[in-house]
Amino acid sequence: MVVYFSAPLVQTLTLTHLPYLTLNSDTWNLCRSNSWVKHRSVNANSNCKETQSGQSCSFAMCASHSSSGSYQNSKRVWIWTQSKEVMTASVERGWNTFVFSSKHRQLANEWSLIALICPLYLEEGGIFDNENRRVATIFEVSNPQELLQLKPAKGEEENVVINLLDWQVIPAENIVAAFQDSQTTVFAISKTPSEAQIFLEALEQGLGGVILKVEDVEAVLELKDYFDRRDEVSNLLSLTKATVTRVQVAGMGDRVCVDLCSLMRPGEGLLVGSFARGLFLVHSECLESNYIASRPFRVNAGPVHAYVAVPGEKTSYLSELKAGKEVIVVDQKGQQRTAIVGRVKIETRPLILVEAKRDLDTQTIYSILLQNAETVALVCPCQENGHQKTAIPVTSLKVGDEVMLRVQGGARHTGIEIQEFIVEN
């Protein structure tokens with residue numbers, strides 16, 4: 001299902017056109033204008049064409065789902081553009097609802113000849129379908145007073161599109177808070193992928209969707225990459241047990257401490273290894289120690305040469321990490337989430353070499369070097385008896401101990417897995 005947008009100006013609504021609520025914490029008392037009542041939305045499912053996958057476009061929910069993934073399916077993206085290239089890129093990525101101004105109906109008709117789309121049209125302060133049925137109401141908010149009065153009606157399920165004329169992060173959070181208990185699907189008009197991300201993540205819950213108003217294909221690609229990374233987090237990583245076969249003091253080296261902008265829980269850490277074919281789950285410094293205060297934001301990850309798992313099923317060298325980059329935080333069960341690097345510290349420290357093998361593959365050796373310190377540990381498997389150890393400090397590690405390992409393809413080009421013959425020792 002495809003949707004297109006042109007780039008006309010959205011009609012400005014004065015405050016008298018806005019539905020608003022008397023500030024009562026117990027009830028949503030909505031004062032609505034006649035035009036709001038007149039143009040109550042109706043279910044337009046019967047007007048929707050089927051996509052090639054057999055799914056229909058439900059204008060009642062104003063949905064333009066992405067291709068796959070739970071996060072993409074829970075958030076909606078409409079595209080507002082006059083660029084054919086942007087339209088094509090959007091359709092190829094599963095976003096096929098487009099918004100046009102009423103004067104660009106001919107453009108919508110032309111695009112409908114080359115792609116299966118759901119065109120919507122901007123007019124009279126609302127968004128309408130091909131049969132002139134209202135599917136959303138647009139509100140332009142230019143000051144805090146208007147924002148405060150923008151509240152949902154009890155039981156109201158009509159879609160709402162918010163255009164923040166003075167764009168800021170706090171209003172995005174206020175909108176999420178105002179509509180969090182309503183059935184209304186709230187969209188925000190975003191002019192950049194970073195703006196869209198703020199709206200989709202505000203107060204963790206985010207809005208129901210965004211209207212991406214762009215003329216640049218790169219903006220579509222960047223937003224889709226964001227969705228892909230969020231969907232990746234919802235998938236469990238496959239971790240396996242490995243048995244330690246060698247522990248040896250290795251001398252001095254430059255090791256990397258990775259300090260994140262997020263706190264880690266017991267059992268969580270980063271996937272790190274000397275070879276990309278097998279990454280060890282290195283525990284954070286969240287556990288209490290007699291030697292140093294707990295630092296649940298830190299992973300003492302290993303030397304500069306080591307690989308570390310990053311979003312997109314890629315790897316990066318530890319030496320390449322810096323503030324603002326993202327890494328994958330993983331726990332014992334393979335649950336993963338992304339985290340932002342806040343700081344990287346590289347210092348010369350004594351190192352210890354750890355090698356391990358899997359029971360099903362006694363020929364392949366997996367290796368990691370870590371700082372030889374009591375606060376550095378490898379995550380071990382969950383124990384079925386309930387008396388589990390979360391991690392084993394490298395200073396206590398011995399041959400025969402079991403640790404968690406991520407096995408994957410070994411050949412890499414700029415962090416991307418490739419099919420190539422490679423030998424690493």
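Quick note: residue numbers are just sequence positions, from 1. What's counted below: heavy atoms across the whole structure, side chains too, no hydrogens, waters or symmetry copies.
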If you apply the rule side-chain contact (heavy atoms from CB on, under 4.5 Å), what do you find for I175 with L164, and how did you get there?
CA-CA 10 Å; I175 295 171; L164 292 177; 4.1 Å; yes
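- Counting only distance, with no hydrogens or angles, the side chain of S83 and the backbone of E85 share a donor-acceptor pair below 3.5 Å.
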Is there a side-chain contact (heavy atoms from CB on, under 4.5 Å) between V304 and L318? Walk through the geometry before answering.
CA-CA 5 Å; V304 289; L318 284 176; 5.7 Å; no
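- Side-chain contact between D401 and I392 is present, with heavy atoms from C-beta onward closer than 4.5 Å.
- Side-chain polar atoms of S274 and H305 form a donor-acceptor pair below 3.5 angstrom.
- Across all their heavy atoms, P303 and L351 have their closest contact at CG-CD1, 3.9 Å.
- Taking every heavy atom of both residues into account, R358 and T240 meet most closely at CD-CG2, 3.6 Å.
- Taken from CH2 in W78 to CG in L212, the straight-line distance is 13.5 Å, to the nearest 0.5 Å.
- Listed by first then second residue, pairs satisfying salt bridge (charged side-chain N to carboxylate O under 4.0 Å, His left out) with a partner in residues 319-328 read R229-E326, not counting sequence neighbours.
- To the nearest 0.5 Å, atoms CG (L370) and CG (L397) are separated by 9.0 Å.
- Looking at P266 and C286, their side chains come closer than 4.5 Å, going by heavy atoms from C-beta outward.
- Annotation: salt bridge (charged side-chain N to carboxylate O under 4.0 Å, His left out) contacts involving residues 285-297, sequence neighbours excluded, are absent.
- Nearest heavy-atom pair, A339 versus L260, reported as atom, atom and distance to 0.1 Å: CB-CD1, 3.9 Å.
- For Y307 and F275, the gap between ring centers reaches or exceeds 6.0 Å.
- Using a distance-only test at 3.5 Å, with no hydrogens or angles considered, no donor-acceptor pair links the side chain of Q335 to the main chain of D331.
- I198 has its side chain out of reach of L200: every pair of non-hydrogen atoms, C-beta onward, lies at least 4.5 Å apart.
- Listed by chain and residue number, E347 satisfy the salt bridge (Lys or Arg N to Asp or Glu O under 4.0 Å) test with R255 (two or more places apart in sequence, or in another chain).
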Please assess Y121 against N132 for the test side chain to side chain donor-acceptor pair (under 3.5 Å), listing each intermediate value before the final yes or no.
CA-CA 8 Å; Y121 304 96; N132 204 34; over 6 Å; no
One pair to check against side-chain contact (heavy atoms from CB on, under 4.5 Å): V308 and L271. What are the steps and the verdict?
CA-CA 6 Å; V308 60; L271 290 170; 6.0 Å; no
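- Residues passing the side-chain contact (heavy atoms from CB on, under 4.5 Å) test with E92 are T88, sequence neighbours excluded.
- Atom CD of Q197 sits about 5.0 Å away from atom OH of Y226, to the nearest 0.5 Å.
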After noting the C-alpha distance and the side-chain angles of S316 and L321, does the key distance pass the side-chain contact (heavy atoms from CB on, under 4.5 Å) rule?
CA-CA 7 Å; S316 174; L321 294 183; 4.1 Å; yes
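- Residues satisfying the salt bridge (Lys or Arg N to Asp or Glu O under 4.0 Å) test with D259, not counting sequence neighbours, are R298, R343.
- We find that E123 and R105 are joined by a salt bridge, their nearest charged nitrogen and carboxylate oxygen being less than 4.0 Å apart.
- No donor-acceptor pair closer than 3.5 Å links the side chain of E402 to the backbone N or O of C380.
- Residues I328 and L270 are not in side-chain contact: their nearest non-hydrogen atoms beyond the backbone lie 4.5 Å or more apart.
- Here the CD1-OG distance, from I162 to S190, works out to 11.5 Å after rounding to the nearest 0.5 Å.
- Residue pairs satisfying the salt bridge (charged side-chain N to carboxylate O under 4.0 Å, His left out) criterion with at least one member in residues 261-270, sequence neighbours excluded, are listed as follows: R265-E268, E268-R337.
- If you take CZ on R134 and CG on D129, they are separated by 11.5 Å, rounding to the nearest 0.5 Å.
- Here the straight-line distance linking atom CG of L239 with atom CZ of R406 works out to 7.0 Å at 0.5 Å rounding.
- Between V220 and R93, some side-chain heavy-atom pair lies under the 4.5 Å cut-off.
- Counting heavy atoms from C-beta outward, L281 and V403 have side chains that stay 4.5 Å or more apart.
- The two residues A136 and V161 have their closest heavy-atom pair at CB-CG2, 4.1 Å.
- When all heavy atoms of P193 and L223 are compared, the closest pair comes out as CB-N, 4.2 Å.
- When all heavy atoms of V214 and A219 are compared, the closest pair comes out as CG1-CB, 3.8 Å.
- Proximity of V256 to K345: side-chain heavy atoms (C-beta onward) are nowhere separated by under 4.5 Å.
- At a threshold of 4.5 Å between non-hydrogen side-chain atoms, the residues L279 and V272 do not count as touching.
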